[in-house]
Amino acid sequence: MNKLTLKSGGGANGVFADGNDAIAWAAQDSGVGYISHYPGSPVNRVLDVLEQDQDQYDYLINHALSEHIAALASMGASLCGARTLLVMKHVGLNIAADPLNYSAVTKIKGGMVVVVGTDPGARTSTGEEDVHWYAPQFNLPLLEPVDVAGVYAAVKRAFVISEEEQLPVLVFVPGRIAYQSSSINRVHEKHQQRHYKFSKDPENLINVGERAVHNHRDHVLRMQHFQQQIEISSSKYSTTATYGVVTRGATFSVCCEVIESLALQDKVALLNIELTHPLNINSFLDFAKNKQEIIVIEDQHGFLETMIKREAFGKVSCKVNGKNIFPAWGEISDQQIREFFTQTFDCKPQNSALSLDINCPERPGTFCEGCPHRPAFYAIDKALAEIKQENKSSGATNDNDTIIGGDIGCSSLPPHRTDWLLCMNAGIGMSQGIAQLLPEQPLVSTGGEGSLFHGGLISLQSALENNINLTHIIFDNRSIAMTGHQDSPTSSDKVDLGKLLEGIGVEHIFQADPFLATEMTSTIKKASKLTGVKVIWVRGDCALQPSEESLRRLKQRTLFLHNEKCGGCTLCYSQLQCPAIIKNKNTQQLFIEMNQCRRCAACLDICPNSAIQVNDVDSINYENN
Amino acid sequence: MKIINLIIAGIGGQGINSLAKVLAETCQALNYDCQFTIHKGGAQSLGCVYAEFRISKDKLPVLGQGIPKGQLDYLIALDPWEALRHAALSHQETRLWVETESQPFFMERSKESKAEQIDLPQNQLKKTPLNIQWRNYREMSQQQTGSIKMANYFAGLDCIKALKISDKTLFDKLFFQLIKKARRF
């Protein structure tokens, strides 16, 4: 049996890297030949690094439009003999799950590494789903590095394991390691150029009937063999202590810092397990021999604790704790671990923290200045309120609220104008059920063009097939903005979205300029009066990816808010909520902070008192159309 | 072993990420061992962003990603709310450099706002026993460079002052190299 320890800690003489760099560099240094991905935090920068260096290496990149496609493309490339890297965020694994369920039975040829950015604490995601349970579901090996240097080592090791075992290998990198930076020692290795070839292999690739059962059996047996052959773990501190701590991933380093700061090195033994699936229990059984009690400290739902209890049942006599003490939600913090050890060992830690009486509210991000989503949502709110009022005036008995179906991405940012924020295409999807049940209630669904191409087109087609009365608003900012401005199909002129919508059978297609909110309001009202599926295609570039026209107006356009004309309605300040419109603390009057203003002039359109003056007002009706 | 714990805090769009990278490279070039973690939300702009640094002249031991309570040595904040957010990590000797002007928060704009009930961060900070140097980084940047966008550079100068790094030329060189590469306008 191989007992391996993944090296971590690069020292001061290495190269500075964060978790994203480490993933990319490990792939490059492993001779990766094919990379496919769908962008998502916290591993959104991996492809930036790989693309930036592409001319120095011999690999191809597939910027797939969904994780499902990315996974299949990666499997195809691996079957041709290429080492492949597949990158996605945790929720992307839900989308890739279908092909990954079958990836093992294909007996891939080139090493295939699946890097998944997980997000305990939901720092950069709509949820903190625990995707560990996919490892036993797919029945694939799972590596969980503890720091940035560990990420580099784990990805390299994963390529080797994958190729040896003909199994894709999962590597999970949580947000706090993906965004951590430290020095790592990079080792460039020379790899022989591979000659890619697809060989017909019906035994493994036509997976149906008896063959499917045979291949499943073969996969299970291969994994059982692998489980017995390899373990990747390391232990620290006392070998004689009767109290044991078991960690995986990011909690390892937090535990080390706490244990050392409380001087508990002689009182505890620590076992960190990096290959958490399939779990070779031998290290744990050795570790548990002289223990009276063991605590498993891990983020989320206690995956490692469950695997340990499953494998060690009846083989250890000590008590094993975990999620009965630490929560299954959020990141396990330094403070929680410190309090636990302080109580368990009755420590009296030197606490030098000041006790301060402070009140600081949460500060989530919001739309940038000049973002097209801001005035678009202003227009949506206004249109729905007016539709509701008109319905009321015409004697409609339904007095329910208006509904805005929400997607994820930048359009979901605070002030959260939509009624739900769950997953990709939840806007167009959930709205269909509501629209069918509550046809009288004013409703629009929303979503970005990234989501549309991810799965939204199918949802739209489904609405058409079912003849659902739905107004869907597509925010086309020509960029996958939230995850770092990756290109979307509309970033170039290759795709004509209007023709595409027409081609799938959408009869009512409207275009709208989000910076002309009054017109957009009228368009939404007009669309809502029609029956069937209506699409409003809102075209406004991301403020951080400005077009030539945006740059021109940034240089040439000036705006001024005339306080003597301002009627104090505060629509621009409290409804539009433009960050560049500021309230003077002393006079309480509003003014435009030109250092922040992106000159989109959305405020000009909504001001009912003509208090905002724009110098090149003549250009406004023609741009963005 | 002396470990210096430092936080640079601000909001999205102020260049915290860039400053953190430059500071880390400066430390590394001067043979410090250094690790840092960037914390940011999903938004491109205006949400809170901060970088936690652990720095030592010796090789760092295994450390968690966050600075434990009571162990923050230096805090450089480009917004007083963001200084307030991390103030609870301070100890008696902690030194803070804090921007005087706060940026729009949006909570004050919503109908259900309870912003009026919360004291201004400047007032809250002044009531603490913390050693604070108030800075107007935006104003310094506006006056010296003609734009507020370089406020992070002036905050960076306070970072190297805190770390007692005398080689400002190296910091300048690395900072302006990165600015040149930056895609944002």
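Remember, predicted model here, so these are calculated numbers, not experimental data.
At a heavy-atom separation below 4.5 angstrom, chain A is approached by B:A87, B:A88, B:S90, B:H91, B:Q92 within residues 86-93 of chain B. Using a 4.5 Å heavy-atom cut-off against chain A, the contacting residues of residues 123-132 of chain B are B:Q124, B:T128, B:P129, B:L130.
In terms of heavy-atom pairs under 4.5 angstrom with chain A, the leader among B:C34, B:A51, B:P121, B:S147 is B:C34. Of all the listed residues (B:R138, B:Q142, B:R54), the one sharing the greatest number of non-hydrogen pairs under 4.5 Å with chain A is B:R54. Counting heavy-atom pairs closer than 4.5 Å to chain B, the top residue among A:A481, A:P579, A:S355 is A:P579. Of the residues considered (A:P42, A:A353, A:S253), A:S253 shows the highest number of contacts with chain B, using heavy-atom pairs under 4.5 Å. Heavy-atom pairs under 4.5 Å with chain B were tallied for A:I337, A:T483, A:T124; the largest tally goes to A:T124.
Neither the backbone nor the side chain of B:D58 comes within contact range of chain A, judged by heavy atoms closer than 4.5 Å. Contacts between A:P415 and chain B at a heavy-atom distance below 4.5 Å are absent for every atom of the residue. Only the side chain of A:L413 comes within contact range of chain B, with at least one heavy atom under 4.5 Å from a heavy atom of that chain. Contact of A:L354 with chain B is made through backbone and side chain together, with heavy-atom distances under 4.5 Å. There is no contact between A:C542 and chain B, counting heavy-atom distances below 4.5 Å. Of the atoms belonging to A:D357, it is backbone heavy atoms, and not side-chain ones, that fall under 4.5 Å from chain B. With a threshold of 4.5 angstrom between heavy atoms, A:A250 approaches chain B through its backbone and through its side chain. The parts of A:T366 that come within reach of chain B are both its backbone and its side chain, each placing non-hydrogen atoms under 4.5 angstrom from that chain.
Residues A:S352 and B:G70 share a closest heavy-atom pair of OG-O, 3.0 Å. For the residue pair B:K149 and A:N595, the shortest heavy atom distance occurs at NZ-O, 4.5 Å.
Checking B:K21, B:Q35, B:Q28 one by one against A:F16, the side chain to side chain contact (heavy atoms under 4.5 Å, CB included) holds for a single residue, B:Q28.
Note that CG of A:N359 is 8.0 Å distant from CG of B:L84, once rounded to the nearest 0.5 Å. Interatomic distance, B:T37 OG1 to A:Y179 OH, rounded to the nearest 0.5 Å: 12.0 Å. Here the CD atom belonging to A:Q180 is positioned 9.0 Å from the CG atom belonging to B:L63, to the nearest 0.5 angstrom. Atoms CG and OG, from B:N17 and A:S181 in turn, are 8.5 Å apart once rounded to the nearest 0.5 Å. To the nearest 0.5 Å, atoms CD (A:E257) and CD (B:Q71) are separated by 6.5 Å.
Open room surrounds NZ on A:K555; 12 or fewer heavy atoms of other groups in view lie less than 6.0 Å from it. Heavy-atom contacts from other residues, nucleotides or ligands closer than 6.0 Å to NZ of B:K173 number 12 or fewer.
Checked against salt bridge (Lys or Arg N to Asp or Glu O under 4.0 Å), A:K583 has no partners two or more places apart in sequence or in another chain. For A:Q265, there are no side chain to side chain donor-acceptor pair (under 3.5 Å) partners, not counting sequence neighbours.
Counting heavy atoms from C-beta on, the side chains of A:R363 and B:W81 come closer than 4.5 Å. In this structure, the side chains of B:V62 and A:K236 come closer than 4.5 Å at one or more pairs of heavy atoms. You'll find the side chain of B:K69 stays beyond 4.5 Å of the side chain of A:R338, heavy atoms only. Contact annotation: the side chain of B:Q103 approaches that of A:Q596 to within less than 4.5 Å [non-hydrogen atoms, C-beta and beyond].
No side-chain donor-acceptor contact under 3.5 Å links A:D334 and B:Q65.
Using a distance-only test at 3.5 Å, with no hydrogens or angles considered, a donor-acceptor pair links the side chain of B:R85 to the main chain of A:P361.
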